[in-house]
K.L.:
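I have a structure I would like to understand better, so I am pasting it below and will then ask my questions one at a time.
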Amino acid sequence: MVTENLKDVEAKIQAACDRAGRDRSEVTLIAVSKTKPIEMIQEAIDCGINIFGENKVQELVEKHDSLPESLEWHMIGHLQRNKVKMLPGRVKRIHSVDSIRLAEEINKQFGNAGLVAEILVEVNVAGEDTKFGLPMSEVEEFLRKISQFSAIKVRGLMTIAPYVEVPEQNRTIFCDLREKMVDINSKNIDNIYMDELSMGMTGDYEVAIEEGATYVRVGTGIFGSRIYI
Ligand SMILES: *Cc1c(COP(=O)(O)O)cnc(C)c1O
């Protein structure tokens, strides 16, 4: 199943790139393996996938530690401060930074390990109450504050768009996030230059690519639906 699904996802990514006049190399597929067993991840690896996303630290650590070092892991879910110490040396990027206290802890733990954390700032573009992420209006001030942190390098912005029946409905969300990134880059804040946009999930990644996504996070479309227990 994973093999077939990956072919389908890859074809859709390529088609979205073609429609948008983008090169396929501008878009990185993160295979979101949360709740899924090692055997399914192995099937994806056998298809050439080596970039995975998890939303829980414990699960990321277990999978990271039991699979080859050559894989790249992205922390995409809400992150509690007391778990940050597990991440240095295990994650390529943290996509879900949305508070100063969390950024301080990341700065401290990665700094202690002699590493620099590459992060994306999570933005709640649609302003949904149920979602984590900074309101659009607070992004610039937040970036100005964390630009001082020596063990953090901001790489871009991330959003989880609303659940919609028709993916097209999220186009303005993705467009707004892209504009926010362009706007912030134009302000020349010291230490802040971003070029990554993590946006688009199974339901809407094609639209996200058309609007400039550089990371798409696809779970269900690759591994099938999740059963939570
Ligand atoms: C689970 C998850 C995804 C993948 O969702 P699908 O709809 O299964 O593709 C993407 N991003 C985040 C932050 C997630 O938690």
Side-chain angles (χ1 to χ4, degrees), residues 1-13 16 27-37 40-41 43-44 47 49 51-64 72-80 83-84 87 90-99 102 106 118-134 155-171 173-174 177 196-229:
M1 180 186 77
V2 171
T3 306
E4 287 308 306
N5 287 347
L6 272 168
K7 278 193 192 130
D8 180 56
V9 169
E10 184 50 51
K12 286 179 172 154
I13 292 175
V27 180
T28 300
L29 170 63
I30 298 177
V32 178
S33 49
K34 64 191 186 195
T35 80
K36 298 299 180 183
M40 287 180 99
I41 298 178
E43 189 177 345
C47 296
I49 298 293
I51 303 175
F52 294 91
E54 289 285 337
N55 70 337
K56 294 209 163 61
V57 171
Q58 192 59 42
E59 197 174 339
L60 186 151
V61 167
E62 279 166 21
K63 288 173 175 172
H64 169 278
E72 192 178 288
W73 295 90
H74 291 247
M75 176 61 195
I76 61 172
H78 182 64
L79 180 53
Q80 288 166 322
K83 307 259 172 72
V84 171
L87 294 179
R90 289 193 172 100
V91 282
K92 171 78 174 172
R93 278 169 194 172
I94 302 171
H95 292 231
S96 40
V97 181
D98 65 353
S99 79
L102 174 60
I106 292 171
E118 297 194 25
I119 66 138
L120 288 80
V121 172
E122 181 170 353
V123 186
N124 184 352
V125 181
E128 292 176 288
D129 304 338
T130 52
K131 295 256 165 77
F132 294 107
L134 290 168
R155 299 302 313 254
L157 303 177
M158 175 271 218
T159 198
I160 302 175
Y163 178 79
V164 289
E165 296 286 334
V166 184
E168 198 59 39
Q169 290 176 299
N170 278 334
R171 189 177 293 278
I173 302 282
F174 300 138
L177 192 68
E196 303 285 10
L197 283 173
S198 172
M199 55 190 198
M201 305 173 27
T202 295
D204 54 20
Y205 66 91
E206 296 162 85
V207 175
I209 290 169
E210 289 169 15
E211 295 302 326
T214 64
Y215 281 119
V216 289
R217 311 178 307 266
V218 180
T220 312
I222 296 171
F223 297 107
S225 54
R226 290 175 292 273
I227 298 160
Y228 289 97
I229 35 168

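Every number for a ligand or one of its atoms is a count from 1 in the order of the listing.
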K.L.:
Between ligand 1 and the protein, find all N/O pairs closer than 3.5 Å and give the distance for each.
P.N.:
{"unit_1": "ligand 1", "atom_1": "8 (O)", "unit_2": "Thr220", "atom_2": "N", "d": "2.8"}
{"unit_1": "ligand 1", "atom_1": "8 (O)", "unit_2": "Thr220", "atom_2": "OG1", "d": "2.5"}
{"unit_1": "ligand 1", "atom_1": "8 (O)", "unit_2": "Arg226", "atom_2": "NH1", "d": "2.8"}
{"unit_1": "ligand 1", "atom_1": "8 (O)", "unit_2": "Arg226", "atom_2": "NH2", "d": "3.0"}
{"unit_1": "ligand 1", "atom_1": "9 (O)", "unit_2": "Thr202", "atom_2": "N", "d": "3.0"}
{"unit_1": "ligand 1", "atom_1": "9 (O)", "unit_2": "Thr202", "atom_2": "OG1", "d": "2.4"}
{"unit_1": "ligand 1", "atom_1": "9 (O)", "unit_2": "Gly219", "atom_2": "N", "d": "2.8"}
{"unit_1": "ligand 1", "atom_1": "11 (N)", "unit_2": "Arg217", "atom_2": "NE", "d": "2.8"}
{"unit_1": "ligand 1", "atom_1": "15 (O)", "unit_2": "Lys34", "atom_2": "NZ", "d": "2.6"}

K.L.:
Assess whether side-chain hydrogen bond (donor to acceptor under 3.5 Å, both in side chains) is satisfied between Gln80 and His78, documenting all intermediate values.
P.N.:
CA-CA 7 Å; Gln80 288 166 322; His78 182 64; over 6 Å; no
K.L.:
To the nearest 0.5 Å, what is the distance between CD (Glu196) and OG1 (Thr214)?
P.N.:
3.5 Å
K.L.:
Can you list everything that forms a ring-ring contact (aromatic ring centres under 6.0 Å, His included) with Phe52? Sequence neighbours excluded, please.
P.N.:
Trp73
K.L.:
Could you list the residues that satisfy salt bridge (Lys or Arg N to Asp or Glu O under 4.0 Å) with Lys63, not counting sequence neighbours?
P.N.:
Glu54, Glu59
K.L.:
Could you pull out all residues at least two apart from Asn5 that satisfy side-chain contact (heavy atoms from CB on, under 4.5 Å)?
P.N.:
Met1
K.L.:
Go through it in stages, so that I can follow the logic: the residues are Ser96 and Glu122, the test is side-chain hydrogen bond (donor to acceptor under 3.5 Å, both in side chains), and I'd like the CA-CA distance, side-chain angles, deciding distance and then a yes or no.
P.N.:
CA-CA 5 Å; Ser96 40; Glu122 181 170 353; 4.8 Å; no
